[in-house]
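These numbers come from the heavy atoms of this one structure, side chains and all, not from hydrogens, waters or symmetry mates.
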Amino acid sequence: ARKLEERVYVFEVHGIFQKPSAIQCNGVRVTERNEFEFLKTKGNGFYYDAAANELFITASCQSDSSYEIEVSLSQAGN
């Protein structure tokens, strides 16, 4: 069986108590989605579930490549 050249990774982060102000994957800003279901169909993106304090991020990356995800949270009062 051949290995996929590109994969879509889904990251689920628990304990995020505020909506991120920005998210980047390998230096490219990731788009916020209004619904979790859009992550499955719209490519790279993120969805923040405030009720559950969970952040979901999808990223398309080359198999066997390294990648970096940066989550920016705004400071209180800003």
Side-chain angles (χ1 to χ4, degrees):
R2 285 187 44 206
K3 183 187 291 189
L4 295 174
E5 290 184 27
E6 187 170 294
R7 296 175 185 258
V8 176
Y9 294 92
V10 178
F11 303 93
E12 183 176 345
V13 184
H14 301 267
I16 302 295
F17 297 100
Q18 64 181 11
K19 183 174 156 180
S21 57
I23 296 180
Q24 293 187 349
C25 181
N26 290 337
V28 177
R29 192 174 182 118
V30 177
T31 304
E32 180 179 4
R33 306 297 179 193
N34 295 327
E35 295 181 24
F36 178 77
E37 293 301 315
F38 288 156
L39 291 178
K40 298 177 184 177
T41 60
K42 301 287 186 182
N44 293 357
F46 78 92
Y47 171 72
Y48 177 64
D49 184 338
N53 297 320
E54 292 181 325
L55 175 63
F56 300 89
I57 305 166
T58 55
S60 298
C61 300
Q62 297 291 323
S63 296
D64 295 332
S65 65
S66 63
Y67 50 92
E68 178 179 82
I69 294 181
E70 181 179 328
V71 177
S72 300
L73 301 174
S74 61
Q75 298 295 322
N78 290 341

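For the atom pair CZ of F46 and NZ of K19, the computed distance is 6.5 Å after rounding to the nearest 0.5 Å. Atom CD of Q18 sits about 11.5 Å away from atom CG of L55, to the nearest 0.5 Å. Atom CZ in F11 sits 7.0 Å away from atom SG in C25 (nearest 0.5 Å). Between the CD atom in E32 and the CG atom in L39 there is a gap of 10.0 Å [rounded to 0.5 Å]. With rounding to the nearest 0.5 angstrom, the CZ atom of F36 is 9.0 Å from the OG1 atom of T58. With values rounded to the nearest 0.5 angstrom, E54 atom CD is found 5.0 Å from H14 atom NE2.
For S72 (side chain) and S21 (main-chain N/O), no donor-acceptor pair under 3.5 Å exists by modelled atom type.
Smallest separation of non-hydrogen atoms from I16 and Y48: O-OH, 2.8 Å. Shown here for I69 and I23, the closest heavy-atom pair between the two residues is CG2-CG2, 4.2 Å.
V8 and Y47 are assigned to two separate hydrophobic clusters, defined by single-linkage of ILVMFWY side chains at heavy-atom distances under 4.5 Å.
Contact of the V71 side chain with the I57 side chain is registered, since non-hydrogen atoms from C-beta on lie closer than 4.5 Å.
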